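Here's the structure, in structure tokens; my notes come after.
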Amino acid sequence: GLDLELAPANGNNLVLDRFLFSESQSRFVLTVHPDNQTQFEEIMNGTACYKVGTVIAEPVVKMAFNGQIVINEPVIDLKESWQKTLRHEA
């Protein structure tokens, strides 16, 4: 699962829906092993790179924005919601 706080990456001070769904910027999400975090941060120094969360054992996606929880759902439910749209089910 994931435990995220997105506010650190909101350099343009966008409201939540614009931050999540804006197509004006490319965004990448990477996982970096804690043993490699310092080296990764040194490599990325001077770029728009932010730590927004951690991988957790619990199979949930927890997402906060400025401290307010916006998503706290089991991964299996989120996966089913996404796949349902691909099956064209109502």
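For this chain, numbers begin at 1 and follow the sequence in order. What you are looking at is a predicted structure, and each value in this text was computed from that prediction instead of being measured.
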- Item | Minimum heavy-atom distance A64-G67, with the two atoms named | CB-C, 4.4 Å
- Message: Tell me whether Q39 contacts the main-chain N or O of E41 through its side chain, where contact means a donor paired with an acceptor under 3.5 Å.
- Response: no
- Considering all heavy atoms of both residues, which atom of E73 and which atom of D77 are nearest to each other, and what is their separation? OE1-OD2, 4.5 Å
- Spacing of CG belonging to L2 relative to OG1 belonging to T54, to within rounding of 0.5 Å: 8.0 Å
- Item | Reported CD-to-NZ distance for the pair Q83 and K79, which is rounded to 0.5 angstrom | 5.0 Å
- Message: Do I69 and V60 land in one hydrophobic cluster if side-chain heavy atoms of ILVMFWY residues count as linked below 4.5 Å?
- Response: no
- Heavy atoms of F40 and C49 approach each other most closely as CE2-SG, 3.7 Å
- Minimum-distance pair of heavy atoms, taken over all atoms of G1 and V75: CA-CG2, 4.4 Å
- Output yes when E5 and K62 qualify as a salt bridge under the 4.0 Å nitrogen-oxygen rule, no when they do not. no
- Message: Is it true that, when you exclude I76 itself, more than 12 heavy atoms of the residues, nucleotides or ligands shown sit nearer than 6.0 Å to its CD1?
- Response: no
- Shortest non-hydrogen pair, V70 vs F65, comes out as CG1-CB, 4.3 Å
- Message: My understanding is that only one of V29, I71, V52 makes a side-chain contact (heavy atoms from CB on, under 4.5 Å) with L4; could you say which?
- Response: V52
- Work out which heavy atom in L6 is nearest to a heavy atom in M63; give both atom names and the distance. CD1-SD, 3.3 Å
